[in-house]
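Side chains are part of it too, since the values below use all heavy atoms of this structure and drop only hydrogens, waters and symmetry mates. The model shown is predicted, which means the values in this text are computed figures rather than measured ones.
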Amino acid sequence: MNEAGRGHLPERMGIEIIEATAERVVGRMPVAGNTQPYGLLHGGASVVLAETLGSMGAALHAGEGRIAVGIEINATHHRSATSGHVTGVATRLHGGRTLATYEIEITDEQGRRVCTSRLTCMLRDA
């Protein structure tokens with residue numbers, strides 16, 4: 001999975017996939033290099049991590065010969081992160097033939113929730 005991201009946005013953001021199944025995807029991302037001008041983790045960076053993890057789960061759920069395309073994402077930012085890494089865990093909420101929805105919880109190194117996101121992907125033939 002990490003190889004598939006080579007040369008694309010997840011690699012530029014420093015996202016590393018730790019675990020990946022159709023039911024659950026875990027990944028982490030450094031705060032450094034992904035901050036806004038005040039030195040805080042950029043909210044958009046959290047959304048990139050969330051969409052990367054949820055889309056990967058949806059693609060695994062869709063199976064060979066099918067693709068997953070994000071059609072809706074939302075995010076609530078609960079607290080800031082200023083250093084270290086954040087870890088995202090995408091958990092499948094719904095897995096159908098045409099749609100898959102994941103909840104993504106992003107936490108800091110102390111286990112405190114930084115962001116909660118939900119992603120819905122449309123599943124279609126490649």
Side-chain angles (χ1 to χ4, degrees):
M1 286 296 176
N2 285 316
E3 291 298 317
R6 297 268 185 246
H8 298 282
L9 183 59
E11 180 182 40
R12 288 192 287 279
M13 304 285 292
I15 295 173
E16 174 190 2
I17 303 303
I18 298 167
E19 170 189 332
T21 67
E23 294 79 26
R24 181 173 187 242
V25 180
V26 180
R28 68 186 216 141
M29 176 180 73
V31 173
N34 293 314
T35 59
Q36 38 94 316
Y38 304 115
L40 307 174
L41 178 65
H42 195 291
S46 293
V47 174
V48 169
L49 177 59
E51 185 150 4
T52 298
L53 301 178
S55 292
M56 183 172 291
L60 290 168
H61 170 75
E64 193 172 330
R66 303 195 78 213
I67 61 171
V69 180
I71 60 171
E72 189 271 338
I73 189 166
N74 67 46
T76 300
H77 305 288
H78 306 290
R79 70 172 55 243
S80 61
T82 58
S83 64
H85 285 79
V86 290
T87 300
V89 177
T91 305
R92 186 174 63 197
L93 300 177
H94 169 77
R97 193 180 74 72
T98 58
L99 290 177
T101 301
Y102 287 77
E103 178 179 68
I104 304 93
E105 177 183 336
I106 300 174
T107 57
D108 64 15
E109 289 181 337
Q110 290 73 44
R112 299 175 300 189
R113 191 179 292 230
V114 172
C115 177
T116 303
S117 185
R118 189 186 69 241
L119 170 71
T120 298
C121 291
M122 178 176 55
L123 310 177
R124 54 181 238 190
D125 294 334

Problem set entry | Within 6.0 angstrom of Arg124 CZ, more than 12 heavy atoms from elsewhere | no
Problem set entry | Residue Arg112 excluded, over 12 heavy atoms near CZ under 6.0 Å | yes
For this session: For the pair His61 (side chain) and Gly96 (backbone), establish whether a donor and an acceptor sit closer than 3.5 Å, ignoring hydrogens and angles.
Result: yes
Seminar exercise, completed: Nearest heavy-atom contact between Ser46 and Leu41 is OG-CD2, 3.4 Å
Exercise. Does Tyr102 belong to the same Ile/Leu/Val/Met/Phe/Trp/Tyr cluster as Leu93, with side-chain heavy atoms less than 4.5 Å apart forming each link?
Worked result: no
Exercise. Going from CD on Glu51 to CE on Met56, what distance comes out if it is rounded to the nearest 0.5 angstrom?
Worked result: 12.0 Å
Problem set entry | Residue pair Arg97, Arg66: steps toward the side-chain contact (heavy atoms from CB on, under 4.5 Å) verdict | CA-CA 10 Å; Arg97 193 180 74 72; Arg66 303 195 78 213; 4.2 Å; yes
Seminar exercise, completed: Output for pair (Glu72 CD, Leu119 CG), nearest 0.5 Å, gives 7.5 Å
Exercise. According to a 4.5 Å side-chain heavy-atom criterion applied to Ile, Leu, Val, Met, Phe, Trp and Tyr, with indirect links allowed, do Ile73 and Val48 form part of one hydrophobic cluster?
Worked result: yes
For this session: Taking the side chain as every heavy atom from C-beta outward, state whether Arg79 and Val114 have any pair of such atoms under 4.5 Å apart.
Result: yes
Problem set entry | Rounded distance (nearest 0.5 Å) linking atom CG of Asp108 with atom NE2 of His85 | 13.0 Å
Exercise. Between the side chains of Thr101 and Thr120, is a donor N or O closer than 3.5 angstrom to an acceptor N or O?
Worked result: yes
Exercise. Of the non-hydrogen atoms in Ala68 and Ser55, which two are nearest, and what is the gap between them?
Worked result: CB-O, 4.1 Å
Problem set entry | Heavy-atom side-chain proximity of Ile71 to Leu99 below 4.5 angstrom | yes
Exercise. Hydrophobic cluster mates of Leu40, side-chain heavy atoms under 4.5 angstrom, ILVMFWY only, any path?
Worked result: Tyr38
For this session: First locate atom CE of Met29, then atom CD of Glu16, and finally report the distance between them rounded to the nearest 0.5 Å.
Result: 12.5 Å
Exercise. About how many Å separate CZ of Arg28 and CD of Glu109, when rounded to the nearest 0.5 Å?
Worked result: 7.0 Å
For this session: Verify the neighbour count for atom CD of Gln110: are there more than 12 heavy atoms of other residues, nucleotides or ligands below 6.0 Å?
Result: yes
Problem set entry | Val25 with Ile67, same ILVMFWY side-chain cluster at under 4.5 Å | no
Exercise. When you measure from the side chain of His8 to the backbone N and O of Pro10, does any donor-acceptor pair fall under 3.5 Å?
Worked result: no
Exercise. Where is the tightest heavy-atom contact between Thr116 and Glu103, given as atom of each residue plus distance?
Worked result: CG2-OE2, 4.1 Å
Exercise. Roughly how far, to the nearest 0.5 Å, is CD1 of Ile106 from OG of Ser117?
Worked result: 6.5 Å
Problem set entry | Residue pair Met13 / Leu49, side-chain heavy-atom distance below 4.5 Å | no
Problem set entry | Residue that, paired with Leu53, satisfies side-chain contact (heavy atoms from CB on, under 4.5 Å) out of Val89, Thr87, Ile17 | Ile17
Problem set entry | Which atom of Val47 lies closest to which atom of Ala75, heavy atoms considered | CG2-CB, 3.8 Å
